[in-house]
Amino acid sequence: MSTSGQPQFRYTQTPSKVLHLRNLPWECIEEELIELCKPFGKIVNTKCNVGANRNQAFVEFTDLNQAINMVTYYASSSEPAQVRGKTVYIQYSNRHEIVNNKGPGDVPGNVLLVTIEGVEAGDVSIDVIHLVFSAFGFVHKIATFEKAADHVGSCHLRISYSAHTDLNIKFQSHRSRDYTNPYLPVNPTAIEGFAQPAVGPDGKKKEPESTVLLASIENMQYAVTVDVLHTVFSAFGTVQKIAIFEKNGGTQALIQYPDVTTAAVAKDALEGHCIYDGGYCKLHLSYSRHTDLNVKAFSDKSRDYTIPESSLLAMQQAPTAWENRPPAPMYQGSEFGAGGAVPGQAPGGQVPSWDPNMQAGRPNFVSAPGTFCSQTYAPSASAYAVASHQPNVGPGGASPPGQPPYYR
DNA sequence: AGCACA
C-alpha cells in the first residue's frame, strides 16, 4: 500500500507521456526507438538498453496525447510494434519523465567501453580486439581490464561510450597497447604470468604457438645477458628481439623469431637445458602471448636486432647508458675469437659490444650432459665448442642488427 | 515479456 496504488494491468495503467518498451533486441539503438515512435509525436528523450537483459527502453513524448496515440494504436493493431523483427510490447511507464537519460555510456565520445561476455579472461587477445575494431578506423590505444562477470553465454560484445577522452597507456603489454607510440616500453610486470599458471592442472589449456618465446631462467648462478641469449637462440634462426625482465624474483626473457616454425624448433631444443654447465641457468620455455615485442632497441635488458644498421652505428658513436660497460677490460679482442674463453673472467664482465669485428666470433658455451649443446638439435653445434667450465659466453655471435646471423 | 540511476 505504500506504492502508488496504480493497477498493475496494462490496460488500466495511468497514461504517461513516457512509454515503457520491452522485448526489444538487446542491440537496439536509439535511432530504432525513434523510428518506431516518431509517427505518433515528437520525442524529447529516450533511454535504451535498460534492464539486466538490456532489452527494455523508455521513450518520452512531448505531451501525453502522443503517448496515448501510440499505445492505443498498437493495442488495436493487427501488426505489432517491431524492432528488428521482434515484437515490442508497449505500455505506459509508471514514471512521468525520463530522468538522467544520458549516462556515461550514452554520451558519444572517441573512446569506447567494450565488454566481452561469455569468455574466459584472456581468451580474446588484445590483438583480436585490435583487429576487429581496426575495421572501422585507426585504433589509437587499447587498455583492457577484468571485471567480475555476471553473464554467461557466447562471446558477445557490449559497447558503450567511455567517459574517457584519452587513454593513458604507460606500457605495452598483453593488456594494453598504444598504436600511436611504437617506442612505448614493455611493462616488465605485466608481460607474462610466471611459470605458465595459464596451464591448468588438467593440462588441457594449451598455449597457442607464437613467434615469441618466454624463457624462465632457473638457477641463474651467472648473469644472463641479452648477448648470451642472442647467441643461444640464434642457433635456430634469426633472433629479432629480446627482452629480459624480473618476475616474481626470477628472471625471464622474451625472444622473438620471425616465424613460429623457428620458435618451435628452438623451444623444443632448448627446453629444460642449461646455458652453463653444472645445471646453471636452466631454461624453461613456453610460447608467449606476444606476437611482436616492443622493446628498447639498445638497453642492457633488451635489444631489437631488426633496426637498421645505420641507426646502430649512430648509437655506437654516441655511447649512452644502455651500453653500461663496466670498467673491466678483457673483452677487447681475444675473447671474441673462436678460442676466446677467458678463464676466470666474471660473467658480469662479458659485455656486449657492437664492434663489427666481432662478427667472426663464436661463443664458447660449456656443454653439460643433457644441455642444449648436444648434437641432436643444434644445426650449428660447432659453434659451441666445449672449452671451459667457466661460463665464458662472450658477446660473439652478435652481429650488427640488421644482419643477424643465419645458422641454417 | 513487466519499469531505468549508480
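As the structure is a prediction and not an experimental result, all values here were calculated from the model. Letters A, B, ... are given to chains in the order of the sequence lines, protein chains preceding strands, and every chain is numbered from 1.
If you measure from atom CZ of A:F58 to atom C1' of B:dA1, you get 13 Å, rounded to the nearest angstrom. At whole-Å resolution of the value, CD in A:Q56 and P in B:dC5 are 10 Å apart. The nearest whole Å value for the distance from the CH2 atom in A:W26 to the P atom in B:dA1 is 17 Å. Regarding A:K47, its NZ atom lies at a distance of 11 Å from the C1' atom of B:dA6, rounded to whole Å. Taking atom NE2 on A:H20 and atom P on B:dA1, their separation rounds to 13 Å, with Å as the unit. Across the protein-nucleic acid pair, A:I98 atom CD1 and B:dC3 atom C1' stand 11 Å apart, rounded to whole Å. In this structure, A:L24 atom CG and B:dC3 atom P are separated by 13 Å, rounded to whole Å. We find that NE2 of A:H96 is positioned 13 Å from C1' of B:dC3, with the value rounded to whole Å.
B:dG2 has no base stacking with the ring of A:Y89 when judged by centroids under 5.5 angstrom apart and an interplanar angle below 30°.
Other residues, nucleotides and ligands contribute over 12 non-hydrogen atoms within 6.0 Å of the CD atom of A:E31. The environment of CZ in A:F138 is crowded: more than 12 heavy-atom neighbours from other residues, nucleotides or ligands sit within 6.0 Å.
The residue among A:R95 and A:N55 whose nearest nucleotide of DNA chain B is located toward the 5' end is A:N55. Of the residues near DNA chain B, A:G51 and A:N23, the one whose nearest nucleotide (by heavy atom distance) lies more toward the 5' end is A:N23.
You'll find the side chain of A:Y89 stays beyond 4.5 Å of the side chain of A:L21, heavy atoms only.
Residue A:E97 is classed as a base contact, given a heavy-atom separation below 4.0 Å to a base.
Between A:R22 and B:dC3 there is no side-chain N or O to OP1 or OP2 distance below 4.0 Å.
Side-chain contact annotation: A:H290 with A:Q256, donor-acceptor N/O pair under 3.5 Å absent.
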